[in-house]
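Structure record follows, encoded as structure tokens.
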Protein chains: 2
Amino acid sequence: MANDIPLTNSNAESMLDGLGRIKVPKSSDVLAERLKREILSDGYTLGASLPTERELVSTTGLSRGSVREALRILETQGLVNTRAGRYGGTTVAQPSADHLASHINLYIKGRSVTLSALIEVRLALEPAVAALAAERRTEEDLSALRAIAKRIDWAADNDLSAFLEENVNWHDAIAAASHNDLLHAFATSVSGLMFEASQIKEFASADVRQRVRYAHARIFAAIEAGDAELARSRVERDVQAYASILATTVAGTSSVTAVDQSR
Amino acid sequence: MANDIPLTNSNAESMLDGLGRIKVPKSSDVLAERLKREILSDGYTLGASLPTERELVSTTGLSRGSVREALRILETQGLVNTRAGRYGGTTVAQPSADHLASHINLYIKGRSVTLSALIEVRLALEPAVAALAAERRTEEDLSALRAIAKRIDWAADNDLSAFLEENVNWHDAIAAASHNDLLHAFATSVSGLMFEASQIKEFASADVRQRVRYAHARIFAAIEAGDAELARSRVERDVQAYASILATTVAGTSSVTAVDQSR
DNA sequence: ATCTTATTTATGGTCCTACAATTGACTTGT
DNA sequence: ACAAGTCAATTGTAGGACCATAAATAAGAT
């Protein structure tokens with residue numbers, strides 16, 4: 001019957017409808033969150049020191065273990081650095097581009113993102129990066145690119161792994177020349193992963209190496225000339241060419257699997 | 001004189017040239033790294049359980065505190081979840097898109113990335129997202145978009161904050177329709193930050209709201225029709241329009257400062 | 001029989017205490 | 001002036017004890 005409703009206390013929470021399961025946050029999480037806000041919201045300039053662990057213990061009433069776990073969270077987030085010894089302690093930091101790249105890598109590897117998906121992202125980012133680089137490159141940017149190009153030229157005929165590595169540096173330098181930190185970080189971590197995949201596939205034949213150098217020269221010229229649209233289209237073509245080469249080398253759905261990449 | 005070189009042991013390390021400062025990694029870092037590799041490289045399917053803390057203590061010889069700090073690192077990286085209680089423990093997880101977005105947000109806020117830089121990234125990502133969405137959208141994607149559009153229509157005249165929030169959902173749904181996880185995560189976190197900035201600036205006048213709805217309708221039509229290039233160009237125009245509106249509202253170099261965004 | 005309710009128990013969560021390792025500043029010696 | 005040694009504050013690590021949580025199970029009530 002309709003009124004045959006048990007009135008046990010297991011149903012008492014029907015009064016608390018919509019609350020869902022109450023969550024009991026860990027004390028270290030709470031502290032980490034609190035410190036994170038303080039760090040982000042204001043005060044704390046870059047090198048500033050947080051209270052020592054034992055000070056945090058006394059101010060928060062938590063145990064030192066919990067405090068340390070909170071600090072470890074912040075450290076993993078890249079918000080603080082920690083040094084032992086007198087005058088050491090935890091100091092406020094900025095999450096580095098490498099740090100962000102490492103988390104992006106974790107995301108990608110944890111989900112077995114396909115290589116073609118990676119190329120799609122690259123195809124979205126790198127032309128935009130090149131266009132901005134053409135508009136904003138400084139003399140330092142250009143000379144850095146020239147130096148890398150010189151090393152690539154040398155390595156192309158002598159040291160294959162150096163060639164691939166400098167290739168990544170090349171892309172990184174262009175991303176730096178865009179003078180957009182976020183775009184830089186995105187583009188760098190994506191091309192870094194492409195680099196790993198390339199090493200595995202060893203697709204860099206002499207012919208490919210030659211074409212890469214040629215493409216680089218044309219892209220550099222566009223950036224040097226400050227022609228954003230030209231740089232964009234040339235990079236776009238380059239990435240697409242790379243994609244089609246890779247497509248002929250690799251089975252279409254190969255995924256980026258886990259490798260070293262120690263942060 | 002040239003041979004007046006002190007031979008104290010402070011110079012003894014000249015023999016070790018190029019080593020730089022030797023680093024002494026923390027035991028928790030070592031363990032975290034080791035577990036991370038095991039998780040990524042192979043074994044460990046998604047829900048699988050890691051050894052219990054006390055088992056790790058006995059197998060590694062470390063203290064429980066160090067083990068817990070290592071696990072906390074992995075947790076922050078999104079690689080594991082932890083549940084207390086019997087049959088609880090540490091289980092392998094995938095870093096979620098939200099997780100990645102949270103780290104991206106930290107990077108952005110920690111560096112005070114300018115709003116215009118954010119727009120540049122959006123301008124790189126969203127047109128590409130829309131193009132892919134047009135090619136790959138499923139019926140579910142389309143109906144989700146329709147539902148959101150309906151809620152936006154309602155909220156536009158009734159609830160401003162709901163309007164802004166659903167606006168984010170709209171962009172998220174399109175990103176989901178691209179069926180590229182990484183692109184999705186990138187685009188979502190960027191537009192999420194734009195949302196925060198928009199709330200602060202309260203630029204959403206009735207006129208703007210009207211134009212947003214119109215733009216959405218045109219973009220949806222392109223995606224529904226499966227016309228990638230049309231979707232791309234329409235989104236590109238939309239983002240640029242948004243940028244110029246924002247430019248007239250905001251002083252050019254305002255930066256995205258820290259706000260809540262609790263993961 | 002069926003549904004509560006209590007118990008059990010393996011697990012993470014927290015606290016405490018003590019000591020080791022580190023490292024920059026300070027002191028001392030030459 | 002400078003090299004070496006000492007000091008002190010701080011993080012790093014260990015070990016132990018107990019609490020809180022939660023799923024499986026057993027006991028009990030209807």
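In what follows, every chain begins at residue 1, and chains take the letters A, B, ... in the order their sequences are listed.
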Between [atom2] on [N] and [atom1] on [X], what's the gap in Å once rounded to a whole number?
| X | N | atom1 | atom2 | result |
| --- | --- | --- | --- | --- |
| B:Leu31 | D:dG12 | CG | C1' | 15 Å |
| A:Asn81 | D:dT10 | CG | P | 18 Å |
| B:Arg83 | C:dA10 | CZ | P | 17 Å |
| B:Lys23 | C:dT22 | NZ | P | 15 Å |
| A:Leu56 | D:dA9 | CG | P | 18 Å |

Exercise. Between protein and nucleotides 13-18 of chain D, map the contacts as a letter string: B base, S sugar-phosphate only, - none, heavy atoms under 4.0 Å, written 5' to 3'.
Key: BB--BB

Regarding [X] and [Y], is there a side-chain donor-to-acceptor distance under 3.5 Å anywhere?
| X | Y | answer |
| --- | --- | --- |
| A:Arg122 | A:Ser191 | no |
| A:Thr91 | A:Asn81 | no |
| A:Asp29 | A:Ser27 | no |
| B:Ser102 | B:Asn105 | no |
| B:His171 | B:Glu126 | yes |
| A:Ser28 | B:Arg72 | yes |

Practice problem: Give a yes or no on this: more than 12 heavy atoms of other residues, nucleotides or ligands lie within 6.0 Å of atom CD of A:Glu165. | Solution: no

Practice problem: Using a cut-off of 6.0 Å, state whether more than 12 heavy atoms not belonging to A:Arg34 lie near its atom CZ. | Solution: no

Quiz prompt | Within residues 86-95 of chain B, residues whose heavy atoms come under 4.0 Å of DNA chain D | solution =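 Per residue number, the list reads B:Arg86, B:Tyr87.
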
Quiz item: When you match A:Val24 and A:Gly85 each to their closest nucleotide on DNA chain D, which lands nearer the 5' end?
Solution: A:Gly85

